[in-house]
Undergrad: 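Could you have a look at this structure, given as structure tokens, before my questions?
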Amino acid sequence: MDFTFDARTEELRAKLLAFMDEYVYPAEQLVDEQRAQLVSPWENPPVVEELKAEARRQGLWNLFLPDAEYGAGLTNLQYAPLAEITGRSPQLAPTVTNCAAPDTGNMEVLAQFGDERQKKQWLEPLLAGEIRSAFAMTEPEVASSDATNITTRIERDGGGDYVITGRKWYISGAMHPDCKVFIVMGKTDPDGPDIRRRQSMVLVPRDTPGVTVTRAMQVFGYEDHYHGGHAEVVFDQARVPVSNLIGEEGGGFAIAQARLGPGRIHHCMRLIGMAERAIELMCRRAVSRTAFGKALAQQGVVHNWIADARVQVEQLRLLVLKTAWLMDTVGNKGAHTEIQAIKIATPRTVTGILDRAIQLHGAGGVSQDFPLAELYAAARTLMLADGPDEVHQRSLARRELKKYR
Ligand SMILES: Cc1cc2nc3c(=O)[nH]c(=O)nc-3n(C[C@H](O)[C@H](O)[C@H](O)COP(=O)(O)OP(=O)(O)OC[C@H]3O[C@@H](n4cnc5c(N)ncnc54)[C@H](O)[C@@H]3O)c2cc1C
């Protein structure tokens, strides 16, 4: 592996770093102030739209999409250091560069599996940042980390429609008024012999009769407005044409798997940026605060926290870069073990780093005056979202054990 950035990545890095300094960090507080003035807290504050236009003008747009026909055409290895930079301000930077989940995964699904009509109707406005989207898989009634449990029904009505019935929750982005479409995972063949061929994915426009966004779910008390929230959504005999099927009937499970590889690494890349921000805040606080006659930076325990955090971030970054390189060279399937490894290691390690950064800030650490509490909540949820740690550990360990059986 070559550890130097190629010319294109270097150029984009420089541009993105300048964009963060000039536009993103100064807007972090303004976003909250403007949101407080909005009729609905789920709308984009004006500064978000201004930053989107600026990012697009500078070519800092759709950087996540490796397919050059639709996106920036960067490899995972090229995108990794860029996503890390946006992770330093995860509430704002991914959104304004059109690189935020769950739209990124949904755009990938449409680019890879959508037909021409679906691409025209949904992919094009998503790529332009004109609408947003959501991915609806998890259900409150069943253990959804096992996707074979999903109970939502997608039934053919004998005519040209599918009728969808089910309840989903934690559907990210769905509270946002710009969220115009759901990719819904449900069962088309609930009794089929192959439990991984029972599921399909369909596109359900938000304004379809029978679709109700019932409430915003909280995350440690946060509503994640910047993210478009996480909604509970009921599908009560929602009817869509069969042409809204993505790929083939029974292909839902495989599409979900394909969607999750890149999504997981993007989260990990951004988490490293979050950890870098935490280290920076820790150091700034440690040199500027005195307790018992000494700067906090002179306390041995603070040295340990900072040193451990630096070592951990360097380790994580190498593993993430190796995974990105493998995805580029042997494909997402070939990088499966590494994708699981980073999904296990990164959220838990970064949560630990944020925890110590919070401790160093005293009460300020859990307050709204520093980003640490919100970053902590975001990092902690990634031990659940896109599959809980234990599921990845189970699958990684089974592959490891297989060598000895
Ligand atoms: C902030 C946030 C955003 C989310 N966004 C979305 C979204 O946009 N769309 C969407 O569809 N879902 C979303 N989710 C849901 C997320 O993907 C699920 O919560 C996750 O897959 C786990 O499913 P579950 O909540 O049903 O937990 P369950 O399946 O009930 O699992 C509960 C716990 O059981 C344990 N467990 C499960 N399996 C095993 C095992 N094999 N071995 C050992 N222990 C095990 C784990 O500790 C696990 O945490 C989001 C969740 C959060 C918190």
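Below, all heavy atoms of this structure are taken into account, side chains as well, without hydrogens, waters or symmetry copies. Whatever order the structure lists them in is the order used to number ligands and atoms, beginning at 1.
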Undergrad: Applying a 4.0 Å heavy-atom criterion (strictly less than), which segment of His230 is in contact with ligand 1: side chain, backbone, both, or neither?
TA: side chain
Undergrad: What is the closest protein heavy atom to atom 7 (C) of ligand 1, and at what distance does it sit?
TA: Tyr170 O, 3.0 Å
Undergrad: Please identify which atoms of ligand 1 are closer than 4.0 Å to at least one heavy atom of Arg394.
TA: 41 (N)
Undergrad: Quick test: of every protein heavy atom, which one is nearest to atom 9 (N) of ligand 1, and how far off is it to 0.1 Å?
TA: Phe135 O, 2.8 Å
Undergrad: Run Arg132 and Thr95 through side-chain contact (heavy atoms from CB on, under 4.5 Å) and show every step you take.
TA: CA-CA 10 Å; Arg132 298 203 65 182; Thr95 302; 4.0 Å; yes
Undergrad: For ligand 1, indicate whether the residue Pro102 contacts it via side chain, backbone, both or neither (heavy-atom separation under 4.0 Å).
TA: neither
Undergrad: Tell me the protein heavy atom at minimum distance from atom 19 (O) of ligand 1, and give that distance in Å.
TA: Thr138 CG2, 4.3 Å
Undergrad: Quick check on atom 32 (C) of ligand 1 - does any protein heavy atom sit closer than 4.0 Å to it?
TA: no
Undergrad: Examine the proximity of ligand 1 to Val142 and report which part, side chain or backbone, both or neither, has a heavy atom under 4.0 Å away.
TA: backbone
Undergrad: Please identify each residue that fulfils side chain to side chain donor-acceptor pair (under 3.5 Å) with Arg197, with sequence neighbours left out.
TA: Glu248
Undergrad: For atom 37 (C) of ligand 1, which candidate among Ala136, Ala147, Pro140, Ser145 holds the nearest heavy atom?
TA: Ser145
Undergrad: Would you call the rings of Phe220 and Tyr376 parallel, tilted or perpendicular if under 30° counts as parallel and over 60° as perpendicular?
TA: tilted
Undergrad: Establish whether atom 15 (C) of ligand 1 and some protein heavy atom are separated by less than 4.0 angstrom.
TA: yes
Undergrad: In the protein, what heavy atom is nearest to atom 26 (O) of ligand 1, and what distance, to one decimal place, separates them?
TA: Ser144 N, 2.9 Å
Undergrad: Pull out every atom of ligand 1 sitting under 4.0 Å from any heavy atom of Asp386, numbered as shown with elements.
TA: 17 (O)
Undergrad: Side chains of Pro262 and Asn332, heavy atoms from C-beta outward: is any pair under 4.5 Å?
TA: yes
Undergrad: Quick one: is the NZ or CZ of Arg259 closer than 6.0 Å to the six-membered ring centre of Phe135, and within 45° of its axis?
TA: yes
Undergrad: Please indicate whether any nitrogen or oxygen in Pro388 is less than 3.5 Å from any nitrogen or oxygen in ligand 1.
TA: no
Undergrad: Would you say that Met107 contacts Asn98 through its side chain, given a criterion of any heavy-atom pair below 4.5 Å between the two side chains?
TA: yes
Undergrad: With heavy atoms under 4.0 Å as the rule, classify the contact between Asp389 and ligand 1 as side chain, backbone, both or neither.
TA: neither
Undergrad: With Arg167 as the cation and Phe235 as the aromatic partner, state whether NZ or CZ is under 6.0 Å from the six-membered ring centre and within 45° of the axis.
TA: no
Undergrad: Within a strict 4.5 Å, meaning less than it, do heavy atoms of the Glu280 and Glu276 side chains meet?
TA: no
Undergrad: Protein non-hydrogen atoms only, distance under 4.0 Å: does atom 5 (N) of ligand 1 have such a neighbour?
TA: yes
Undergrad: Which residue and atom name correspond to the protein heavy atom nearest atom 8 (O) of ligand 1, and how close is it?
TA: Ser172 N, 3.0 Å
Undergrad: Of all the non-hydrogen atoms in the protein, which one sits nearest to atom 20 (C) of ligand 1, and at what distance?
TA: Leu384 O, 3.5 Å
Undergrad: Do Glu249 and Tyr162 have a side chain donor and acceptor closer than 3.5 Å?
TA: yes
Undergrad: Got a donor-acceptor contact below 3.5 angstrom from the Lys333 side chain to the Val330 backbone?
TA: no
Undergrad: In the protein, which heavy atom is nearest to atom 39 (C) of ligand 1, and how far is it?
TA: Val391 CG2, 3.9 Å
Undergrad: Checking Thr188 against Ser200: is there a side-chain donor and acceptor pair closer than 3.5 Å?
TA: yes
Undergrad: Verify the neighbour count for atom CD of Gln237: are there more than 12 heavy atoms of other residues, nucleotides or ligands below 6.0 Å?
TA: no
Undergrad: Could you check atom 45 (C) of ligand 1 against the protein and tell me its nearest heavy-atom contact, residue, atom and distance included?
TA: Glu390 CB, 3.8 Å
